Amino acid sequence: GDSVTQTEGLVTVTEGLPVMLNCTYQTAYSDVAFFWYVQYLNEAPKLLLRSSTDNKRTEHQGFHATLHKSSSSFHLQKSSVQLSDSALYYCALSVYNQGKLIFGQGTKLSIKP
Amino acid sequence: EAAVTQSPRNKVAVTGGKVTLSCNQTNNHNNMYWYRQDTGHGLRLIHYSYGAGSTEKGDIPDGYKASRPSQENFSLILELATPSQTSVYFCASGGRQISNERLFFGHGTKLSVL
C-alpha cells in the first residue's frame, strides 16, 4: 500500500544553521500530492506547504521543498533556522480521489541557541 | 479560519468501559477524519467520512467505531476501551478533494485508559 517514511525521529540544529528533514514515499499511483504539516507544542497540526508538481520548488515561511518523483522524495529544507521553528513536522501523501491523507512518523525539530 | 472543536480535551477511562470522542466542524466540509498520534508512529488514520451517514475504515480501525450523524459532527467510539488505546486523538475536516486542499485539525483529545 501507500506509505510515507520519515527516518529521523529527532533532529537538533543550532540556530542560524541550515536543516533538511527527510521524507520518502511509496505509492503505485501517479496522481498524487504531498504535504508538510507542522505541529507546535500543545497545538493542532497545520499545513506548512503542499506540492503535486515534479521538480518544482514550493516555499512557505522560509521553508522549501521540491517533489522528486525519480527518487520518491519530498524533503523539507530551510537555510537558516530560528528558535521558533522548534516543532514536530509531518510529511504526508494524498492520492487523488482516495479522500485520505497518509502521514509519516513525524520528525521533531529542536533548535539550540 | 476553519474551526474544528473536539470534546472532551482530556479523558480518563477504565479498561472495558465505553468512550465517545466528539468532533464538530463549522465550515461545511464534506470530509472528516479521526487520527491517533503516538510517538514513533506519527498520525495514523482510524476512520473517515465523506459526508453525513457515511463512514470508512482507515488504516487502524480495529477496536473503534465511527458515526457521522450530520455534516457538522463526527464521533469516535471505543466500545470496550483497552490500555493500548491510550493516545492523543485528532479530528480533522477538509473539502471534497483533499489533494488540492488542506486539512483543518482540532486541538486533540488526550485519552488515558487505566
Side-chain angles (χ1 to χ4, degrees), chain A residues 1-10 21-27 29-53 58 60-61 67 74 87-108 110, chain B residues 1-7 9-10 23-25 29-51 54-61 66 68 74 87-110:
Chain A
D2 306 316
S3 65
V4 175
T5 301
Q6 296 176 250
T7 54
E8 308 126 333
L10 171 66
L21 306 184
N22 292 317
C23 173
T24 57
Y25 64 89
Q26 284 189 316
T27 180
Y29 299 91
S30 56
D31 282 339
V32 291
F34 294 88
F35 305 78
W36 277 99
Y37 278 77
V38 58
Q39 184 181 14
Y40 298 103
L41 189 63
N42 296 324
E43 294 187 11
K46 59 182 181 180
L47 180 66
L48 180 58
L49 49 79
R50 173 199 174 275
S51 178
S52 60
T53 304
T58 301
H60 187 62
Q61 295 183 350
L67 176 60
F74 189 55
L88 183 56
Y89 291 81
Y90 284 106
C91 183
L93 154 69
S94 173
V95 177
Y96 278 98
N97 295 322
Q98 284 198 354
K100 61 180 183 178
L101 205 58
I102 298 166
F103 287 88
Q105 299 90 332
T107 297
K108 182 178 180 180
S110 177
Chain B
E1 179 83 0
V4 178
T5 305
Q6 294 181 229
S7 61
R9 293 292 299 270
N10 291 281
C23 180
N24 175 273
Q25 55 101 357
H29 283 155
N30 291 302
N31 297 351
M32 296 187 74
Y33 307 83
W34 277 107
Y35 289 89
R36 63 176 285 175
Q37 182 180 49
D38 303 284
T39 302
H41 294 280
L43 290 162
R44 293 182 289 174
L45 183 63
I46 305 170
H47 285 288
Y48 58 109
S49 168
Y50 293 124
S54 93
T55 59
E56 305 289 335
K57 292 182 179 180
D59 299 318
I60 53 165
R68 182 87 182 269
F74 190 39
S87 186
V88 179
Y89 292 84
F90 284 96
C91 176
S93 72
R96 188 177 299 277
Q97 183 50 271
I98 67 164
S99 294
N100 293 327
E101 305 175 38
R102 59 172 170 154
L103 291 188
F104 292 87
F105 284 84
H107 277 76
T109 295
K110 186 176 181 180

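No experiment lies behind these values; they were computed from the predicted model shown. Chain naming here is simple, since letters A, B, ... match the order of the sequence lines and numbering starts at 1 in each.
- Only the side chain of A/F35 comes within less than 4.5 Å of a heavy atom of chain B; its backbone N, CA, C and O stay farther away.
- Listed by first then second residue, pairs satisfying salt bridge (Lys or Arg N to Asp or Glu O under 4.0 Å) with a partner in residues 32-47 of chain B read B/R36-B/D38, B/D38-B/R44, not counting sequence neighbours.
- The minimum heavy-atom distance between A/Q98 and B/Y48, with the atom names listed, is O-OH, 4.1 Å.
- Contact annotation for residues 45-52 of chain A against chain B (heavy-atom separation below 4.5 Å, listed by residue number): A/P45, A/L47, A/R50.
- Applying the 6.0 Å contact sphere to OH of A/Y29 captures no more than 12 heavy atoms from other residues, nucleotides or ligands.
- Here the shortest heavy-atom pairing between A/A44 and B/G106 reads CB-O, 3.0 Å.
- Proximity to chain A (any heavy atom under 4.5 Å) is shown, for B/H107, by both the backbone and the side chain.
- Heavy-atom contacts from other residues, nucleotides or ligands closer than 6.0 Å to CD of A/Q26 number 12 or fewer.
- Contacts between A/V4 and chain B at a heavy-atom distance below 4.5 Å are absent for every atom of the residue.
- Residues passing the side-chain contact (heavy atoms from CB on, under 4.5 Å) test with A/T5, sequence neighbours excluded: A/T7, A/T24, A/Q105.
- Side-chain atoms of A/Y90 and B/L43, non-hydrogen and from C-beta on, do get closer than 4.5 Å to each other.
- Proximity to chain A (any heavy atom under 4.5 Å) is restricted, for B/D59, to the side chain, taken from C-beta onward.
- Identified under the side chain to side chain donor-acceptor pair (under 3.5 Å) test for residues 30-40 of chain A, with sequence neighbours left out: A/Q39-B/Q37.
- Atom OH of B/Y35 is separated from atom NZ of A/K100 by 9.0 Å, given to the nearest 0.5 angstrom.
- Only the side chain of A/L88 has a heavy atom closer than 4.5 Å to any heavy atom of chain B.
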